[in-house]
Structures are given as structure tokens and as C-alpha cells.
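First up is the structure itself, then whatever we jot down about it.
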Amino acid sequence: DLGVITIPVYVHVVYSNSNENISNAQIASQIAVLNDDFRATNNDANQTPSEFAGLVADTEIQFNLVNTFRYSNSRTSWGTNDAVKSAYPPITPETHLNIWVCNIGGGILGYAQFPGGPSATDGVVVGPNYFGSTGYLSAPFDKGRTTTHEVGHYFNLRHIWGDGRCNRDDFVSDTPSSDAPNYGCPSYPTVNCRSNDMTMNYMDYTNDACMYMFSEGQKERMRTIFLAGGARDSMIN
Ligand code: ARG
Ligand code: ZN
Ligand code: CA
């Protein structure tokens, strides 16, 4: 067993105005949210309905901010085609999680690369106004859960609806089958595919305040990539 895994993090802030040049406090708030969410020390985990309460996982993955880099650039939106990573390449992505904080545009909150992709584009990208839980933020995505969701993808998690209809799988057995993303703040129970959706899972599309758990099955799927031969085993020293 690998025990508690600590992921070293580099944050690249790419800004075209002073709002986008988010404060160190805002960056620290995001690292704190990641640590709370991945260790199940988030103070809203107790809202989990009893049906799913036994599945709330401490993933035993934690995050350590190593360095922050700041780049001024006149470009005001960066899209989802990795342009920001070409301009500012990741630093030792084999061992470090690289996070670019920049305006993506098009209403996109964030995007991530799954394990096993090219190292030159490895990491996650999040808009400055969706990053962290204090500072320059846009409700209802102002509690740092976009980064939690994107890091979930970076650790091999799929959306809980499997990006398809009831017959598509997220390859996690304890997340109930679902038809499509849920948005806003769904009431419990929300029934699809003849079971209650786990709408409070970080890998759904609900508001930040309405997502507060990873499942034990997701923990298992994430941690598998760090085992010898796994797609991110180079992150384990
Ligand atoms: N749309 C993005 C993705 O699929 C992020 C969604 C984040 N949701 C949130 N409530 N913060 O990767
Ligand atoms: Zn997603
Ligand atoms: Ca499932």
C-alpha cells in the first residue's frame, strides 16, 4: 500500500489584467480546498445522504504547493487547445502537477489531461475566477471545486454519467449509473437510470456548493495509476 501520497504542485498564473493576477492567498485557498476535498476533511461532507455516506472516501492524496510562476500576457482568452501550455511549458510534469490559471473563454471553467498523455501538455487549466475560495471569484463556482474536478480527471476519473446515457460507464462500480450531467443544486433523490444519482460527487456538473465527495471506488481508480506500471507511477518516489 502506498499510504498517503503527496503531490508537489506548480501553479502558473497567466494574466492579462490585475484581477487575473490572483493573490497568493487565493492560490493558497485552492491548495487548501484540494487537501480538504481529497482527504474528506471538507466541512460539507456531512451533507452526504445516508445512502452514500458510507462511500465518502479519504483518497489519501494530498497536495503541496512548491512554487508559483506569474506571466503577464496581452492574450485575453486561451481556449482549450493547450495554447497556454505551449506558451508556458509544464515543469517536470513526470513528478509535479502543473496547474495553469488563465482565462479559457467560452464559459469554460477548466480542462484537464488524463493520465498517459503527452508530457508537454500534462496538467490542468482553470480560469482565475474559478480558482480557490477567496479573492477574484464568480459564484456559483467560487468554492474551488473546479480544480478538484479537473484533478479528478488528471487522476483518471471520468464524469459520473460516463459521458453517455444510462448504458455508459465511468468504470467505477459504486457510482450509480446516470443519464447525463446534473446542474445547479439538485434535490435528493434525483432519479435516473432507475437509481439515485450521486449528484454530490465532484465528477458531476453541479454548483461548487453542491458537490462534496469522491467515492471509495473513485479512490481505488485514482490510486491505481500510482502503482508500479501505472500511468503516473513516476510521481511516487
Ligand atoms: N466543465 C468542466 C469539465 O468538465 C468543469 C466543471 C466543474 N464544475 C464545477 N461545479 N466547478 O472538466
Ligand atoms: Zn469534467
Ligand atoms: Ca458507475
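Just so you know, ligand 1 is whichever comes first in the structure, and atom 1 is the first atom listed for that ligand.
- Aromatic pair Y88/F69: ring centres not closer than 6.0 Å.
- Among D208, I104, V126, the residue whose heavy atom lies closest to atom 11 (N) of ligand 1 is D208.
- Taking the Zn ion (ligand 2) as the apex, the angle formed with NE2 of H153 and NE2 of H159 is 100°, to the nearest 10 degrees.
- No other N/O/S atom of D170 lies as close to the Ca ion (ligand 3) as OD1 does.
- The distance from the CG atom of D142 to the CG atom of D208 is 6.5 Å, given to the nearest 0.5 Å.
- Coordination check, S178 versus the Ca ion (ligand 3): failed, since every N/O/S atom of the residue sits at 3.0 Å or beyond.
- Atoms of ligand 1 found under 4.0 Å from any heavy atom of H159, numbered from 1 in the order shown, are 4 (O).
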Given the rule in the ring pair (Phe, Tyr, Trp, His ring centres under 6.0 Å) test, do H153 and Y111 qualify, once you have shown the distances and angles that lead to the verdict?
CA-CA 9 Å; H153 286 313; Y111 69 97; over 10 Å; no
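- Checking V172 against the Ca ion (ligand 3), an N/O/S atom falls under the 3.0 Å cut-off.
- Other residues, nucleotides and ligands contribute only 12 or fewer heavy atoms inside 6.0 Å of the CZ atom of R168.
- Counting heavy atoms closer than 4.0 Å to ligand 1, residue Y205 contributes side-chain atoms (C-beta onward) but none from N, CA, C or O.
- Ring-centre distance between Y15 and Y71: not below the 6.0 Å cut-off.
- Shortest contact from atom 7 (C) of ligand 1 to any protein heavy atom: L109 CD1, 3.7 Å.
- Nearest protein heavy-atom contact of atom 10 (N) of ligand 1 is T206 O, 2.5 Å.
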Carefully, step by step, assess Y202 and H149 under the rule ring pair (Phe, Tyr, Trp, His ring centres under 6.0 Å).
CA-CA 5 Å; Y202 297 121; H149 175 110; 9.1 Å; no
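- Between F141 and ligand 1 there is a heavy-atom distance shorter than 4.0 Å.
- Here the two rings, on F131 and Y136, have centers that are 6.0 Å apart or farther.
- Within the set M211, H153, E150, the minimum heavy-atom distance to atom 2 (C) of ligand 1 is found for E150.
- Taking the centre and axis of the six-membered ring of F114, the NZ or CZ atom of R158 falls inside the cone set by 45° and 6.0 Å.
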